[in-house]
Amino acid sequence: MAETTVYRAGTTAPVNIAVVKYWGKRDAKLNLPTNSSISVTLSQADLRTLTTASCSTTFTEDSLTLNGELSDISGARTQACFRELRTRRAALEASDASLPKLSTMSLKIVSENNFPTAAGLASSAAGFAALVQAIANLYELHDSPSDLSLIARQGSGSACRSLFGGYVAWRMGDKADGSDSKADLVAEASHWPSMRALILVASAAKKGVSSTSGMQQTVATSGLFKERIERIVPDNMVAMEDAIHNRNFEKFAEVSMRDSNSFHACCADTYPPIFYMNDVSRAAIRAVESINAKAGKAIAAYTFDAGPNCVVYYLEENKDAVLGAFSETLGSTSGWKGGVGSQSGVLDETVAEI
Ligand code: ADP
Ligand code: DP6
Ligand code: CO
């Protein structure tokens with residue numbers, strides 16, 4: 001009788017929103033960045049990717065279904081993730097003959113984002129972190145989150161930071177093979193339990209310029225970008241790690257807002273220019289400025305990824321001042337509010353075996 005076993009495992013993965021942004025590749029093939037970055041992992045209670053990976057000798061080719069539609073997986077980035085994960089599984093199979101030969105079977109990946117895809121809310125981060133974690137679970141790999149971050153990075157740079165919860169750094173590394181360009185934990189979510197994030201959806205539409213393409217245009221044409229990677233980001237990395245370690249919200253806020261502004265200034269300095277923010281985004285910036293002016297100090301911090309949607313970080317004790325002002329200013333804008341994700345730091349504990 002033919003072997004018809006279908007092996008299956010699943011996971012959820014969180015979104016992370018950078019407070020010191022990754023923007024620029026020094027090696028597009030290995031997906032190595034021009035600068036280090038730091039992010040905050042958002043709670044999976046709100047935004048998350050849910051991915052299941054299965055394999056069977058009856059499957060005839062690898063496939064990825066994203067939000068109900070078959071996705072093109074021929075790109076080098078998805079292929080690199082599949083290849084790296086299969087190589088690790090093959091090594092386990094070589095050392096233990098009793099293991100089923102999953103590494104030789106076709107993979108079927110099914111993934112759903114419960115938030116807008118390709119709209120500047122880090123779908124590629126949650127998406128590739130979930131893809132890598134789901135296959136690692138299927139293959140019963142023993143790799144640490146940091147090891148898996150090396151693989152997720154090759155799918156999408158920002159994905160390497162979604163293998164951890166809390167506050168996460170992606171160290172750019174300096175090796176040509178990328179073996180030191182991976183994520184590590186700056187602080188657990190529990191280190192700063194009152195941190196909150198408000199997500200304002202200015203537009204759920206797919207962005208006109210993907211992050212991958214936008215950052216390559218910036219590297220090729222922006223003069224300002226040189227200043228950003230040589231001076232601004234290295235300073236922001238030090239200041240941000242310090243602010244997180246000391247739970248210094250004012251510093252955290254200033255560096256987040258300055259770094260977001262610097263990144264969008266480099267987009268505007270790209271030739272032809274790239275504009276990710278729109279009028280609603282700029283209204284959100286003004287709302288944060290007036291909240292902070294009224295408080296006499298920074299109690300809210302805006303940041304924008306490569307899209308118009310705003311993420312506002314604030315502390316629980318200031319929620320009335322922050323949320324109240326937003327409901328007045330932005331009225332009907334939809335969004336989420338939630339805490340910093342900790343569950344993702346132990347992603348394999350959130351695994352749903354489906
Ligand atoms: P975003 O700002 O949402 O990260 P990007 O331009 O960086 O936008 O990346 C969007 C791309 O990421 C999508 O077009 C798709 O190729 C990929 N992606 C998004 N979600 C997933 C997922 N759940 N699984 C696999 N790939 C995904
Ligand atoms: C503005 O990780 O989506 O969100 O590596 O080409 O997939 P690729 O790009 P991606 O870029 C993210 C850019 C950013 C900043 C950040 O998340 O650090
Ligand atoms: Co992305």
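Just so it is clear, the structure is predicted and the values come from calculations on it, not from any experiment. Numbering of ligands and ligand atoms starts at 1, following listing order.
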Using 2.8 Å as the cut-off, note every protein N, O or S atom close to the Co ion (ligand 3).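 Under 2.8 Å from the Co ion (ligand 3) - ignoring waters, which are not counted - the protein N, O or S atoms are S124 OG.
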Should the pair E316-K319 be classified as a salt bridge under the 4.0 Å nitrogen-to-oxygen rule? yes
Would you call E250-K297 a salt bridge at under 4.0 Å N-O?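 No, this pair does not count.
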Are [X] and [Y] linked by a side-chain donor-acceptor pair shorter than 3.5 Å?
X: T51; Y: S111; value: yes
X: S181; Y: R171; value: no
X: S262; Y: R228; value: yes
X: W23; Y: T218; value: yes
X: S123; Y: N113; value: no

Min heavy-atom dist F263 to ligand 2 below 4.0 Å: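 Per 4.0 Å heavy-atom rule, F263 contacts ligand 2.
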Does the residue A122 have a heavy-atom contact with ligand 2, meaning some pair of atoms that are separated by less than 4.0 Å?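 Checking ligand 2 against A122, which is what was asked, there is no heavy-atom contact under 4.0 Å.
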Looking at F263, I'd like to know if the NZ or CZ of K21 sits under 6.0 Å from its six-membered ring centre while staying within 45 degrees of the ring's axis. no
[X], portion touching ligand 2 at heavy-atom distance under 4.0 Å:
X: S156; result: both
X: S158; result: both
X: N16; result: neither

C55 SG to L138 CG distance, which is reported to the nearest 0.5 Å: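 So the gap between those two atoms works out to 4.5 Å.
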How long is the straight-line distance from CZ of R89 back to CG of L92, given to the nearest 0.5 Å? 6.0 Å
For atom 6 (O) of ligand 2, state which one of R153, Q216, H264, K25 supplies the nearest heavy atom.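 Going through R153, Q216, H264, K25 one by one, K25 has the nearest heavy atom to atom 6 (O) of ligand 2.
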N/O separation below 3.5 Å, V20 to ligand 2: no
Report yes if some N/O of K21 lies less than 3.5 Å from some N/O of ligand 2; otherwise report no.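 No, no N or O pair falls under 3.5 Å.
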Joint hydrophobic cluster, L102 plus L64, side-chain heavy atoms closer than 4.5 Å: yes
Near [X], which atoms of ligand 2 are under 4.0 Å from a heavy atom of that residue?
X: S124; answer: 3 (O)
X: T212; answer: 6 (O), 7 (O), 8 (P)
X: A306; answer: 1 (C)
X: N31; answer: 5 (O)
X: M215; answer: 9 (O), 11 (O)
X: G157; answer: 2 (O), 5 (O), 7 (O), 8 (P)

Apply the test side chain to side chain donor-acceptor pair (under 3.5 Å) to residues T221 and T270: give CA-CA distance (whole Å), side-chain angles for both, the deciding distance (0.1 Å), then the verdict. CA-CA 6 Å; T221 64; T270 300; 4.6 Å; no
Starting from [atom], locate the nearest protein heavy atom and write down its residue, its atom name and how far away it is, to 0.1 Å.
atom: atom 8 (P) of ligand 2; result: R77 NH2, 3.2 Å
atom: atom 14 (C) of ligand 2; result: Y22 O, 3.8 Å
atom: atom 17 (O) of ligand 2; result: R161 NH2, 2.8 Å

So with a 6.0 Å cut-off around [atom1] of [X], is the heavy-atom count from everything else above 12?
X: K101; atom1: NZ; value: yes
X: D279; atom1: CG; value: no
X: Q79; atom1: CD; value: yes
X: F59; atom1: CZ; value: yes
X: K108; atom1: NZ; value: no

Expected rows: ligand 1 N/O, protein N/O, dist below 3.5 Å:
from	atom 1	to	atom 2	distance (Å)
ligand 1	2 (O)	G120	N	3.1
ligand 1	2 (O)	K207	NZ	2.6
ligand 1	3 (O)	A118	N	3.1
ligand 1	3 (O)	S123	N	3.0
ligand 1	3 (O)	S123	OG	2.6
ligand 1	4 (O)	S123	N	3.2
ligand 1	4 (O)	S124	N	3.0
ligand 1	4 (O)	S124	OG	3.0
ligand 1	6 (O)	S211	N	3.4
ligand 1	7 (O)	S124	OG	3.1
ligand 1	7 (O)	S211	OG	3.3
ligand 1	8 (O)	K207	NZ	3.2
ligand 1	20 (N)	N113	ND2	3.0
ligand 1	20 (N)	S123	O	3.4
ligand 1	23 (N)	S111	OG	2.8
ligand 1	23 (N)	N113	OD1	3.0

Looking only at non-hydrogen atoms, find the nearest pair between D259 and V19 and report the distance.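 Answer, listing the atom of D259 first, then V19: CB-O, 3.5 Å.
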